[in-house]
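Along the sequence shown, residues carry numbers from 1. In what follows, every heavy atom counts, from backbone to side chain, and hydrogens, waters and symmetry copies are set aside. Note that the structure is a prediction, hence the values are computed from the model and not measured. Counting starts at 1 for both ligands and their atoms, in listed order.
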Amino acid sequence: GLGFCSWKRQRKQLLHPLMANRSLCMAGCSQDASYKRLINEGEKKTVICIEGNIASGKTTCLDYFAKTTSIEVLTEPVPKWRNVRGHNLLGLMYQDSSRWGITLQTYIQLTMLDQHTRPMISPLRMMERSIHSAKHIFVENLYRSGRMPEVDYVVLTEWFEWITKNTDVSVDLIVYLQTSPETCYERLKNRCREEEKIIAMEYLEAIHQLYEEWLIKQTLFKVPSPVLVIPADNDMQKMIEKYEENRDRILTPYNIQHCL
Ligand SMILES: Nc1ncnc2c1ncn2[C@@H]1O[C@H](COP(=O)(O)OP(=O)(O)O)[C@@H](O)[C@H]1O
Ligand SMILES: Nc1ccn([C@H]2C[C@H](O)[C@@H](COP(=O)(O)O)O2)c(=O)n1
């Protein structure tokens, strides 16, 4: 019928050395989500999310693919987070995360929903992060570290669950730029974003641990798609080589490759 992969083919993907383990349930969820999009829009569209710690090189990676392909590239809407009708939510959050963490994350959830659901202008969309990592990494970290009250966490969770059930925020492939927190710390200092000057090594370590639990160990929350892991501690030249080596795997996710 629609040409989706069989379970057998989905499972073969586990054999690729760069692919992180994934549960059987995930494969089903991914199929359902893709199916929903296909029904809704009449043609297959593919969404690839670039994930990784703060300053791991996601924007740089997206810029590279934006320059070398004709796909649609959506960077994280950080400018919006820095200026919501004159309010800098990112700055407020870093000044006082217990007070403003919930405010920032509520707005990030909205802006990521907007990114996921806006009409696609090309058959292939590459996004920086996703509504999934906003919830499973950043909200989770605020809650676990005692900087988000349980009542705020459960309200955000209810919103997130409603969104994932009732809208199409599906993802076909997660590309995880896997870095050490030390590398991110160095890159963060070089990037020198004003609001982030306060970020300590411990914060990057906590985000790193959550990413590893979510995408590598797959023990945190359900992963919404297959995961391609690209070690990303290397210099720019080496990273470009890795992007080229993985170009086909990134731009033609396995479940799409075998079903067209
Ligand atoms: N492979 C790399 N080696 C050294 N510096 C890098 C590399 N990739 C990105 N950078 C630099 O590190 C900083 C963070 O990169 P960026 O792409 O903005 O990360 P992210 O979008 O993940 O936060 C930027 O100043 C960028 O120029
Ligand atoms: N859900 C999120 C997403 C991002 N942030 C913060 C982390 C960074 O300071 C900034 C942008 O992230 P980057 O692209 O540099 O990795 O936004 C957050 O607090 N919550």
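- Of the protein's non-hydrogen atoms, Glu76 OE1, 2.5 Å is the one closest to atom 14 (O) of ligand 2.
- Scanning the protein for heavy atoms near atom 19 (O) of ligand 1, the closest one is Gly57 N, 3.1 Å.
- Numbered from 1 in the order shown, with element, the atoms of ligand 2 that lie under 4.0 Å from a heavy atom of Met93 read 19 (O).
- Atom 15 (O) of ligand 2 has as its closest protein heavy atom Arg191 NH2, 2.9 Å.
- Residue Ser56 places a heavy atom under 4.0 Å from ligand 1.
- Contact annotation: the side chain of Glu212 approaches that of Tyr176 to within less than 4.5 Å [non-hydrogen atoms, C-beta and beyond].
- Close contacts between ligand 2 and Tyr94 involve ligand atoms 6 (C), 7 (C), 8 (C), 9 (O) [criterion: under 4.0 Å to a heavy atom].
- Closest to atom 1 (N) of ligand 2, if we only count protein heavy atoms, is Gln105 OE1, 3.1 Å.
- Of all the listed residues (Glu51, Arg187, Gln237), Arg187 holds the heavy atom that lies closest to atom 13 (C) of ligand 1.
- A side-chain contact (heavy atoms from CB on, under 4.5 Å) with Ile230 is found for one member of Gln178, Arg249, Met239 and no other, namely Met239.
- No path of Ile, Leu, Val, Met, Phe, Trp and Tyr side chains, each step under 4.5 Å between heavy atoms, connects Met127 with Ile121, placing them in separate hydrophobic clusters.
- Distances from ligand 2 to the non-hydrogen atoms of Glu128 include at least one value under 4.0 Å.
- Between Asn53 and Lys58, the shortest heavy-atom distance links the atoms O-NZ, 2.8 Å.
- For atom 11 (C) of ligand 2, the closest non-hydrogen atom on the protein side is Arg193 NH1, 3.4 Å.
- Both Leu156 and Trp162 sit in one connected hydrophobic cluster of ILVMFWY residues. Membership requires side-chain heavy atoms under 4.5 Å apart, directly or through other members.
- Counting only heavy atoms of the protein, atom 21 (O) of ligand 1 lies nearest to Thr59 OG1, 2.5 Å.
- Annotation: Asn190 places no N or O atom under 3.5 Å from an N or O atom of ligand 1; distance criterion only.
- Met93 is not listed as a side-chain neighbour of Tyr107, based on a closest heavy-atom distance of 4.5 Å or more.
- In Lys58, the parts holding a heavy atom less than 4.0 Å from any atom of ligand 1 are both the side chain and the backbone.
- Scanning all protein heavy atoms for the shortest distance to atom 8 (N) of ligand 1 gives Met236 SD, 3.7 Å.
- Closest protein heavy atom to atom 1 (N) of ligand 1: Asn234 O, 2.9 Å.
- For Thr68 and Arg247, the side-chain atoms include at least one donor-acceptor pair closer than 3.5 Å.
- Side-chain contact between Lys135 and Tyr153 is present, with heavy atoms from C-beta onward closer than 4.5 Å.
- Among all protein heavy atoms, the one lying closest to atom 8 (C) of ligand 2 is Glu196 OE2, 3.1 Å.
- Each of the atoms 13 (P), 14 (O), 16 (O) of ligand 2 lies under 4.0 Å from some heavy atom of Lys58.
- If you number the atoms of ligand 1 from 1 as listed, the ones under 4.0 Å from a heavy atom of Glu128 come out as 21 (O).
- For Phe160 and His136, the ring centers sit closer than 6.0 Å to each other.
- At a cut-off of 3.5 Å, with distance as the only test, no side-chain donor of Glu76 or Gln115 sits close to an acceptor on the other residue.
- The ligand atoms of ligand 2 that sit less than 4.0 angstrom from a heavy atom of Leu104 are 19 (O).
- The ligand atoms of ligand 1 that sit less than 4.0 angstrom from a heavy atom of Ala55 are 14 (C), 19 (O), 20 (P), 22 (O), 23 (O).
- Shortest contact from atom 24 (C) of ligand 1 to any protein heavy atom: Arg191 CB, 4.2 Å.
- Considering only non-hydrogen protein atoms, atom 17 (O) of ligand 1 sits nearest to Thr60 OG1, 2.5 Å.
- Of all atoms in ligand 1, numbered sequentially from 1 with element shown, those under 4.0 Å from a heavy atom of Met239 are 1 (N).
- In this structure the side chain of Ser170 never reaches within 4.5 angstrom of the side chain of His116, judged on heavy atoms.
- Taking each heavy atom of Asn141 and Ala206 in turn, the nearest pair found is OD1-CB, 3.5 Å.
- For ligand 2, the atoms closer than 4.0 angstrom to any heavy atom of Ala134 are 1 (N).
- Distance check, rounded to the nearest 0.5 Å: SG of Cys184 to NZ of Lys189 gives 12.5 Å.
- In terms of protein heavy atoms, atom 5 (N) of ligand 2 is closest to Phe138 CE2, 3.9 Å.
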